[in-house]
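Here is the structure we will look at, set down as structure tokens.
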Amino acid sequence: MDIKYDFAEIESKWQSYWEKQGQHHVTEDSDKEKYYLLEMFPYPSGKLHMGHVRNYSIGDVLARYKTMKGFNVLHPMGWDSFGLPAENAAIKHGIHPDPWTRENIASMRDQLKTLGLSYDWQREEGTCLPEYYHWTQWLFLQLYKMGLAYKKKAAVNWCPSCNTVLANEQVIDGHCERCDSVVDKKDLEQWFFKITDYAQRLLDDIDKLGGWPNKVKIMQENWIGRSEGVEITFTTEDGELLPVFTTRHDTVFGVTYMVLAPEHPMVAKLIRGSAYEKPVQEFIRKVSRLSNIDRTSSELEKEGIFIGAYAINPMTGNKVPIWITNYVLYEYGTGAVMGVPAHDSRDFDFAHKYNHQIIPVIAPLNWDGSEFAAAFEEDGVMVNSGQFDGMPNREAMVKMADYMEAKGIGKRVVNYRLRDWLISRQRYWGAPIPIVYCEKCGEQPVNETDLPVLLPVDVEFKPTGESPLKTSPTFAKTTCPVCGGEAIREMDTMDTFVCSSWYFLRYCDAHNPEQAFDREKVDYWMPVDQYIGGVEHAILHLMYARFFTKALHDRGLVTVDEPFANLLTQGMVLKEGTKMSKTKGNVVSPEDIIKRFGADTARLFILFAAPPERDLEWNDTAVEGCYRFLNRVWRLSTQLMELADTAAKMPDQLSADEKELQRTVHTAIKKVGEDISERFNFNTAISAIMEMVNSISDYANKDGVSAAVLSEALDTLLLLLSPFAPHISEELWHLAGHHTSIHKESWPQYQPALLVVDHIEIVVQVNGKIKGRLVVENGLTSEQLQQKVSADQRYQEWLGGKSVVKIIAIPGRLVNIAVK
RNA sequence: GCGGGAGUGGCGGAAUGGCAGACGCACCAGCCUUAGGAGCUGGCGGGAAACCGUGUGGGUUCAAGUCCCGUCUCCCGCACCA
């Protein structure tokens, strides 16, 4: 046969064939082991980029491989389709976000389809569709009823460019995660999810995430930021309570001043009417003028001011001055800190600047009693600490905490860095928060039967920064679900991360109009067996999704309490060493590549160029190399399939060449299977396939071929290649005379006996240096090997006149002779 | 500052403690061809060689890219969290 490899025709032909056959549609099947494979769904920008191609190519290999291994594979795709770009486009071009988004989805879906991915498109979902956000709102109400959704006034992160608030997790180095503007603080009434209630479980259950990269687990651990300490209650001279949180309560005898955050409510109280009122207020104004970044930068010069009041140390009865500074955070702990210059480097600097006393209370080993040149933060022995003197400080920590608890002047507490999740957004293109405000009944949840609260269409998109929802003449006015009287709707919408915190559940029962999902279906499919996406979601999305799953578990809606059993975080796609981006002009468009070389080539290259976790350097000529490889497979296959014969019987006796080919084939089966399933090393799997192609080609160049051996080799080649390059494999499979889809075939099995070779080459080393090689029968023992080596005529030459100390013979590998 | 990861040919990358550089790209030579951005064959870390080579200095071991200690560089995350 001499046909050209026409990838364009082949790819569109099989894509529509698979679609017509409903090949990738799955339903629950109790006879099969389920496998839920999920790639992070994209925001429908309208343009597929290489990061997507990589993410989804990795997923598709796994999906197709698992299917061939007999699993019932759920492999869905959808759209994270609420969000700012649509709204910004509306403001700029006057197009409503809804049709704009739908068009983007349509074009991105087309692009995805040209990649030949094995999605069950019947389960496609979009978070901006009423049929989806209906249930996002319903889930909000469930959390609300559990007391996990609440409104409070707080100093929140405000992005002046996006004109909305942001969650803590969305502020990167003081900048907006999305648009990079500098984030301000604003005092606003906002909706929060009480993720802090789950802090400890989110932390503890990291241990359950055996299939997650360590890196991600550590990042989450740090983000939760658990610290154990003691809350010690200091008092003012007037008897007002001033609790401080400390992890170093063993240093409490060394307190020489106290510091409050400028925002601490006690500050205003303590200065009222005093001579300190004016200068302190001036200082507070100065601090509050600082941007959020400057305020939290460790470069910031520590400054403070005495506020004219004193606090009493409950352990010593000593009076210490109260200061406020620019480095104490109101949001963490109690917003008040005890100053122990001798044992905290920040306090040490501060004390030097403002001449606070420095009292050592923990002695370093062999300390001569001289002044500290720096804060001593290590362990030591207690001094200047009353009845605790002489104890190692670790022991004193326990004793002092006991003492404080017994005396009622302190209690052991655990603090977390994690804050509650701020979910309000002052924007239009998101799921409306289903709450109304009634003058009589106050804040009330919308009745579940009245959901969804639909986004109004009669809105204006103006660049004023005001939420377009507020421009709707009809949206705000409603009736109270309790008294039926006039009420006003909540105008904020939900953070899009809420929508993506449960989409993996909806896929299990994607179009259920009656409920968010059917419990049985979710219990069948969940947890996600393999989740794949970018590491940039290590904290935000992955933490929120874990929180949601736990909350829904507690609500009795799902059985699992962790959503993702295994996680694979893929690296970025780079060009010239940096991330592809429009501003750098180094973007390679997937569409162009597919047009020039086809989807199979694009997929193959992106999987071959690097292991998935690592960053991948784009290389145009290497892409051509992959294209040439597929052409080679095509030529080899089409030319040899006439010589091959599927029906031919394997001869009883094989020639050495035939055995050799057979061995390569079975080695490849083993290697490719293991590389896909155990290590995700698709690059080495592909190189094993390439080696196999080289072997087949070598074999075919010899005189006389066995139809049976060749047929096994060619069929196996296509089967192994099919998860990576599904179209060309399918086409060649059919050309070779098969009548059913290659993707419905079982993964080939290797025969261990065929992996064994008769003879192997053994390396002879002397003192670890290679001196010679020796071909011996396979399977020799260590002793036999030693004998072979010492009987070799080159033996004396290898030794070089030295005397043998020891011989180590490793069967199957080498012999090392230690000489002196 | 703290935490994590990575440094291997010209390049992407391979190597259960056991032959460093699989596989591919680029490059070189030859063949084929009217032609080659096609295909085929061979070569391809350095060195004339002995040998030397996995950022760098030590160590463990018969044997180290791989394990241990130190150090340098780069990348990522957190960063005044009391």
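The structure displayed is predicted, hence computed values, not measured ones. Order of the sequence lines fixes the chain letters, A, B, ..., with proteins taken first and strands second; residue numbering starts at 1 for each chain.
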Checklist entry - Excluding sequence neighbours, so at least two apart, what forms side-chain hydrogen bond (donor to acceptor under 3.5 Å, both in side chains) with A/Trp798? => result none

Next on the checklist: Under 4.0 Å, heavy atoms only, any strand: does A/Gly225 hit a base, just the sugar-phosphate, or nothing?
Outcome noted: nothing

Next on the checklist: Rounding to an integer number of angstrom, what distance separates B/G53 and B/C40 when you compare their P atoms?
Outcome noted: 38 Å

Checklist entry - Rounding to a whole Å, what distance do you find between A/Leu329:CG and B/A79:P? => result 11 Å

Write down the protein N/O and nucleotide N/O pairs, taken from nucleotides 38-48 of chain B, whose separation is under 3.5 Å; answer none if there are no such pairs.
from	atom 1	to	atom 2	distance (Å)
B/G39	O3'	A/Arg635	NH2	3.3
B/C40	OP1	A/Arg632	NE	3.2

Next on the checklist: The side chain of A/Ala818 is closest to which nucleotide in this list: B/A82, B/C81, B/C62?
Outcome noted: B/C62

Next on the checklist: Check for me whether A/Lys302 meets the cation-pi criterion with A/Tyr327, that is, NZ or CZ under 6.0 Å from the six-membered ring centre and within 45 degrees of the ring axis.
Outcome noted: yes

Checklist entry - Can you list the residues that meet the side-chain hydrogen bond (donor to acceptor under 3.5 Å, both in side chains) rule with A/Trp421, with sequence neighbours excluded? => result A/Asp495

Next on the checklist: With rounding to the closest Å, how many angstrom separate the C1' atoms on B/U54 and B/U8?
Outcome noted: 4 Å

Checklist entry - For atom C1', what is the distance between B/C76 and B/C11, given to the nearest Å? => result 24 Å

Checklist entry - What base-paired stems does RNA chain B take part in, with at least 3 consecutive Watson-Crick or G-U wobble pairs and both distances under 3.5 Å? => result B:1-7 with B:72-78, B:10-12 with B:23-25, B:27-31 with B:39-43, B:55-59 with B:67-71

Next on the checklist: Within 90° of 0 counts as syn, otherwise anti: where does B/G36 fall?
Outcome noted: anti

Item to check | Pairwise P distance for B/G59 and B/G10, with rounding to whole Å | outcome: 28 Å

Next on the checklist: Categorize A/Val244 for me: base, sugar-phosphate, or nothing, with a 4.0 angstrom heavy-atom threshold over every strand shown.
Outcome noted: nothing

Checklist entry - Counting any heavy atom closer than 4.0 Å, what does A/Asn694 reach on the DNA or RNA strands: base, sugar-phosphate only, or nothing? => result sugar-phosphate

Next on the checklist: Please report the distance separating the C1' of B/C44 from the corresponding atom of B/C27, rounded so that it comes out in whole Å.
Outcome noted: 8 Å

Item to check | Under-4.0 Å salt bridge between A/Asp344 and A/Arg248 | outcome: no

Checklist entry - Could you give all pairs that pass the side-chain hydrogen bond (donor to acceptor under 3.5 Å, both in side chains) test and reach residues 806-820 of chain A, with sequence neighbours left out? => result none

Checklist outcome for this item: Once base and sugar-phosphate atoms are separated, protein heavy atoms under 4.0 Å mark nucleotides 12-19 of chain B, 5' to 3', with B, S and - as BSSSB-BB

Checklist entry - A/Lys771 near the nucleic acid: base, sugar-phosphate alone, or nothing, with a heavy-atom cut-off under 4.0 Å? => result sugar-phosphate

Item to check | Atom pair distance, as rounded to whole Å: CD1 in A/Ile606 and P in B/C25 | outcome: 18 Å

Checklist entry - Separation of A/Trp618 atom CH2 from B/A26 atom C1', in whole Å? => result 17 Å

Checklist entry - Can you name the residues that form a side chain to side chain contact (heavy atoms under 4.5 Å, CB included) with A/Glu783, not counting sequence neighbours? => result A/Thr781

Checklist entry - What is the distance from NE2 of A/His175 to C1' of B/C78, rounded to the nearest Å? => result 16 Å

Checklist entry - With a 4.0 Å cut-off, would you call A/Glu660 and A/Arg663 a salt bridge? => result yes

Next on the checklist: For A/Val819, is there any backbone N or O sitting under 3.5 Å from a side-chain donor or acceptor partner on A/Asn767?
Outcome noted: yes

Next on the checklist: Rounded to whole Å, please give me the gap between NZ in A/Lys769 and C1' in B/A63.
Outcome noted: 12 Å

Checklist entry - Taking for each residue the nucleotide of RNA chain B with the nearest heavy atom, is it A/Tyr332 or A/Asn222 whose nucleotide lies nearer the 5' end? => result A/Asn222

Checklist entry - What integer distance in Å separates A/Glu169:CD from B/A79:C1'? => result 15 Å

Checklist entry - How long is the line joining NZ of A/Lys217 and P of B/G5, in whole Å? => result 12 Å

Item to check | Polar side-chain contact A/Lys215-B/C76 base: donor and acceptor under 3.5 Å | outcome: no

Checklist entry - Stepwise, does the side chain to side chain donor-acceptor pair (under 3.5 Å) test hold for A/Arg226 with A/Gln200? => result CA-CA 8 Å; A/Arg226 178 191 159 102; A/Gln200 191 59 49; 2.4 Å; yes

Next on the checklist: If you assign A/Phe245 and A/Gly768 each to the RNA chain B nucleotide with the nearest heavy atom, which residue ends up on the more 5' nucleotide?
Outcome noted: A/Gly768

Checklist entry - On a whole-Å scale, what distance lies between the C1' atoms belonging to B/A22 and B/C68? => result 29 Å

Next on the checklist: Taking side chain to side chain contact (heavy atoms under 4.5 Å, CB included) as the definition, give me every residue that meets it alongside A/Asp657, ordered by chain and number, with sequence neighbours left out.
Outcome noted: A/Ser655, A/Tyr699, A/Lys702

Checklist entry - What pairs of residues pass the side-chain hydrogen bond (donor to acceptor under 3.5 Å, both in side chains) test when at least one of them lies in residues 621-630 of chain A, not counting sequence neighbours? => result A/Asn619-A/Thr621

Checklist entry - Can you name the side chain to side chain contact (heavy atoms under 4.5 Å, CB included) partners of A/Thr256, sequence neighbours left out? => result A/Pro341, A/His356, A/Gln357, A/Ile359

Next on the checklist: Distance check needed: B/G4 P versus A/Trp212 CH2, whole Å only.
Outcome noted: 19 Å

Checklist entry - Expressed in whole Å, how much space separates the C1' atoms belonging to B/G36 and B/A50? => result 45 Å

Checklist entry - Under 4.0 Å between a side-chain N/O of A/Ser227 and OP1 or OP2 of B/A82, yes or no? => result yes

Next on the checklist: My understanding is that only residues two or more places apart in sequence, or in another chain, count here; which of them pass side-chain hydrogen bond (donor to acceptor under 3.5 Å, both in side chains) with A/Lys411?
Outcome noted: none

Checklist entry - Rounding to the closest angstrom, what is the interatomic distance between B/G4 and B/U60 at atom C1'? => result 26 Å

Item to check | side-chain hydrogen bond (donor to acceptor under 3.5 Å, both in side chains) partners of A/Glu221, counting only residues at least two apart | outcome: none

